[in-house]
Amino acid sequence: MLTATYSKNIWRARMFETRSQLGPDKASQFNRDLCKNLLFVFAEGGGVGNPKSKPLWTTYKSFKWEADPTQAVAESAQYLRWAYPKVVDQNTINFYEPSSDALWLKNAWGLWEPDPRTSTKIQLHDCAGVLVPGVAFDRQGHRLGYGKGFYDRVLADFKGLKVGVSFSVQVTEEVLPVEDNDVLMDILVTDTEIIHIRDKRH
């Protein structure tokens, strides 16, 4: 019998291959469609309220062939505040809200992170929602990450919206292998659809 860890590695290899075959033109179109759907989610989640009291969300800088929410983040900036993750040790990520002229640093994995010297550390429990990247998702809200467990740990007690972000080719009809500490997403947003998972669980 395959262990969950071994099965996850098989899924990762499969999804890395699928994602890498998209090519820049198709990925660019997928990202445009994805960002349109994200803007709907921000509105549904109470994100586009009074510009004077901007809700706080977290997003991420996309890496290699990850789905890229940058355009949706930019278009919602008049209504929302945005923070970004920074790895602080082998087990933890903190979140920082960059200033308008913030510096960015590349970490050991090649991910761009806000420089704490030009950013403000925020508390995750103050956020209305979190955009979560992933290698794969299923329709039950399970997420397959890169194996470090950063998001599963930091989101374990998070009460806001957990929004999985991916291309449609990364969403499988099969149930992904899961472990006890894996955190479920509330919503999945892709280039083709918005999947409301939390509503189905109630």
Whether [X] side chain and [Y] backbone form a donor-acceptor pair below 3.5 Å:
| X | Y | result |
| --- | --- | --- |
| Ser166 | Gly134 | no |
| Lys54 | Ala77 | yes |
| Glu113 | Val87 | yes |
| Glu97 | Ala83 | no |
| Arg12 | Gly145 | yes |
| Asp152 | Val183 | yes |
| Asp138 | Leu176 | yes |
| Gln71 | Asn31 | no |
| Thr190 | Glu193 | yes |

Do the side chains of [X] and [Y] join up, straight or via other hydrophobic residues, at under 4.5 Å, putting them in one cluster?
| X | Y | result |
| --- | --- | --- |
| Phe63 | Val73 | yes |
| Leu105 | Phe150 | no |
| Met185 | Phe167 | no |
| Ile187 | Val171 | yes |
| Leu39 | Leu131 | yes |

Out of curiosity, [X] [atom1] to [Y] [atom2], how far, rounded to the nearest 0.5 Å?
| X | Y | atom1 | atom2 | result |
| --- | --- | --- | --- | --- |
| Trp82 | Thr70 | CH2 | OG1 | 10.5 Å |
| Arg153 | Lys148 | CZ | NZ | 10.0 Å |
| His125 | Asp157 | NE2 | CG | 11.5 Å |
| Asp191 | Gln170 | CG | CD | 9.0 Å |
| Asp182 | Leu155 | CG | CG | 11.5 Å |
| Thr58 | Leu80 | OG1 | CG | 11.5 Å |

Any heavy-atom pair between the side chains of [Y] and [X] that's under 4.5 Å?
| X | Y | answer |
| --- | --- | --- |
| Cys35 | Glu75 | no |
| Ile122 | Leu56 | yes |
| Tyr146 | Phe16 | yes |
| Val165 | Tyr60 | yes |
| Arg143 | Lys162 | no |

Ion pair check, Asp126 and Arg81, cut-off under 4.0 Å: no
Give me the one residue out of Arg14, Lys64, Glu66 that meets side chain to side chain contact (heavy atoms under 4.5 Å, CB included) with Arg19. Glu66
The single option from Leu38, Val41, Leu188 that satisfies side chain to side chain contact (heavy atoms under 4.5 Å, CB included) with Ile194 is Val41
Could you walk me through whether Phe95 and Leu124 pass side-chain contact (heavy atoms from CB on, under 4.5 Å), step by step? CA-CA 7 Å; Phe95 292 89; Leu124 193 60; 3.9 Å; yes
Give me the atom names and distance for the closest heavy-atom approach of [X] to [Y].
| X | Y | value |
| --- | --- | --- |
| Asp186 | Gly160 | OD2-O, 3.4 Å |
| Ala67 | Ser62 | O-CB, 3.8 Å |
| Val132 | Phe137 | O-CZ, 3.7 Å |

Give me the one residue out of Trp104, Trp112, Tyr96 that meets ring-ring contact (aromatic ring centres under 6.0 Å, His included) with Tyr84. Trp104
Hey, can you tell me if Trp57 and Phe42 have their rings parallel, tilted or perpendicular (30° and 60° cut-offs)? perpendicular
Start with the C-alpha distance between Ile197 and Leu184, add both sets of side-chain angles, then the distance that settles side-chain contact (heavy atoms from CB on, under 4.5 Å), and finish with yes or no. CA-CA 9 Å; Ile197 297 161; Leu184 287 171; over 6 Å; no
Candidate pair Asp115 and Thr118, rule side-chain hydrogen bond (donor to acceptor under 3.5 Å, both in side chains), full reasoning: CA-CA 6 Å; Asp115 187 336; Thr118 54; 4.9 Å; no
With distance as the sole criterion, is a donor-acceptor pair present between the side chains of Asp25 and Gln29 under 3.5 Å? no
side-chain contact (heavy atoms from CB on, under 4.5 Å) between Thr192 and Asp33, worked out: CA-CA 7 Å; Thr192 61; Asp33 295 337; over 6 Å; no
